[in-house]
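Each chain gets a letter, A, B and so on, in the order its sequence line appears, and its residues count up from 1.
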Amino acid sequence: MEVGTVVFYLIALLVVASAAMVAFSHNIIYSAFSLLGTFAGVAGIYVFLGADFVAAVQLLIYVGGILVLILFAVMLTHRITDVQITNRSAGVVPGLIIVGLLFWLLYETITTTPWAKAKEIAYAATSAKIGDQFLQSYLLPFELASIVLLAALIGAVVLARKEMKG
Amino acid sequence: MEITLTHFLVLGAIIFCLGMYTVLSRRNAISVLMGVELILNSANINYVAFAHYSSGGVDGQIYAIFVIMLAAAEAAVGLAIVLAIFQIFHTIDVGATETLKN
């Protein structure tokens, strides 16, 4: 086997194992820390696919931002002593049946569809191209994204502050 | 053995199913948000894989960046809502907050 194949399977194993930990762990702290493995592994998958800029964004925003936010929320909403009982699962058997059927459907679709193939598979730096596209074809979504982020920022502050009396 | 598009799509499907199971089975609101993050990550893997193997441009990567941006906004607002619920109900069990049910 080639080195690239081995690396892909190692990263995929890391991603799937930590995602399974998120889904099945009884302790919410373990679930939250397992997200680190998933997010970092997905960044590795992006590098494998030649998407260097997306991988950097994934590390900065997911690992540096969202994961810290989730850990803060876990710490703020639980007493550390009762984390054992705060991650209950319900409807395990129906959930597993639905998800199993869903995976079977997705797997059949993936393996039987003849996907289009690119003429050549390129590994080149993408940052310059992405920057050009953001200021040309994707200018409107780019500006809308800044408004969405501003609205989310204000909304989060309004929702999370303590209600003032009087 | 060559790594093909199918490998990445199957990986995305596995992560999607694990995230779906997390959303379906967890009673803790923060765990449900973690499941949503897993689902968004699996969608991103599909976008970038199709950009690499099928279309060849950077369009799929740009969609992935927009999804990451929206995930950040969703996490900020979602966790703020969870904190507000915790202040009022002193629990974040998704079955406990049923004031609007009647």
Portion of [X] that has a non-hydrogen atom of chain A nearer than 4.5 angstrom:
X: B:Leu9; answer: both
X: B:Tyr47; answer: neither
X: B:Ile45; answer: both
X: B:Ala51; answer: neither
X: B:Ala64; answer: side chain
X: B:Ile15; answer: side chain
X: B:Leu38; answer: side chain

Which atom names give the shortest non-hydrogen contact between [X] and [Y], and what distance separates them?
X: B:Leu5; Y: B:Ala49; answer: CD1-O, 3.7 Å
X: B:Leu33; Y: B:Gly78; answer: CD1-C, 3.8 Å
X: A:Ser34; Y: A:Val22; answer: CB-CG2, 3.8 Å
X: B:Glu74; Y: B:Leu40; answer: OE1-CD1, 3.8 Å
X: B:Arg26; Y: A:Ala23; answer: NH2-O, 3.2 Å
X: A:Ala116; Y: B:Ser54; answer: O-OG, 2.7 Å

Give me the contact list for residues 60-67 of chain A versus chain B, heavy atoms only, anything under 4.5 Å, ordered by residue number. A:Ile61, A:Tyr62, A:Ile66
Below 4.5 Å, heavy atoms only, C-beta onward: do A:Ile28 and B:Ser31 meet side chain to side chain?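 Result yes, sub-4.5 Å side-chain heavy-atom pair found.
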Report the option among [options] that has the most heavy-atom pairs separated by less than 4.5 Å from atoms of chain B.
options: A:Ile110, A:Val15, A:Leu106; value: A:Ile110
options: A:Thr38, A:Val57, A:Ile130; value: A:Ile130
options: A:Thr126, A:Val148, A:Thr113; value: A:Thr126
options: A:Thr111, A:Ile98, A:Leu96; value: A:Leu96
options: A:Gly155, A:Pro94, A:Pro141, A:Ala151; value: A:Pro141
options: A:Val157, A:Thr109, A:Leu102; value: A:Leu102

Would you say the rings of B:His7 and B:Tyr53 are close, in the sense that their centroids are separated by under 6.0 Å? no
I'd like to know whether the aromatic ring centres of B:Tyr21 and A:Phe24 sit less than 6.0 Å apart in this structure. yes
Decide whether A:Thr112 and A:Glu108 meet the rule of one side-chain donor and one side-chain acceptor closer than 3.5 Å. no
Which answer fits [X], side chain, backbone, both or neither, if we ask what part of it has an atom under 4.5 Å from a heavy atom of chain B?
X: A:Val16; answer: both
X: A:Tyr107; answer: side chain
X: A:Phe72; answer: neither
X: A:Leu35; answer: side chain
X: A:Leu69; answer: both

How many angstroms lie between atom [atom1] of [X] and atom [atom2] of [Y], to the nearest 0.5 angstrom?
X: B:Met20; Y: B:Ser42; atom1: CE; atom2: OG; answer: 10.5 Å
X: A:Leu159; Y: B:Gln87; atom1: CG; atom2: CD; answer: 10.5 Å
X: A:Trp115; Y: B:Thr4; atom1: CH2; atom2: OG1; answer: 12.0 Å
X: B:Ile68; Y: A:Gln58; atom1: CD1; atom2: CD; answer: 5.0 Å

Greater than 12 external heavy atoms within 6.0 Å of A:Phe33's CZ: no
Just give me the residue among [options] that pairs up with chain A most often, heavy atom to heavy atom, under 4.5 Å.
options: B:Ile14, B:Asn41, B:Thr22; answer: B:Asn41
options: B:Val23, B:Val82, B:Leu18, B:Ile85; answer: B:Leu18
options: B:Ile81, B:Thr6, B:Val77, B:Ile62; answer: B:Ile62
options: B:Leu83, B:Leu70, B:Asn44; answer: B:Asn44

Verify same cluster id: A:Val99, A:Val93 (apolar side-chain graph, 4.5 Å):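 No, A:Val99 and A:Val93 fall in different hydrophobic clusters.
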Hey, can you tell me if A:Phe48 and B:Phe8 have their rings parallel, tilted or perpendicular (30° and 60° cut-offs)?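 Aromatic pair A:Phe48/B:Phe8 classed tilted.
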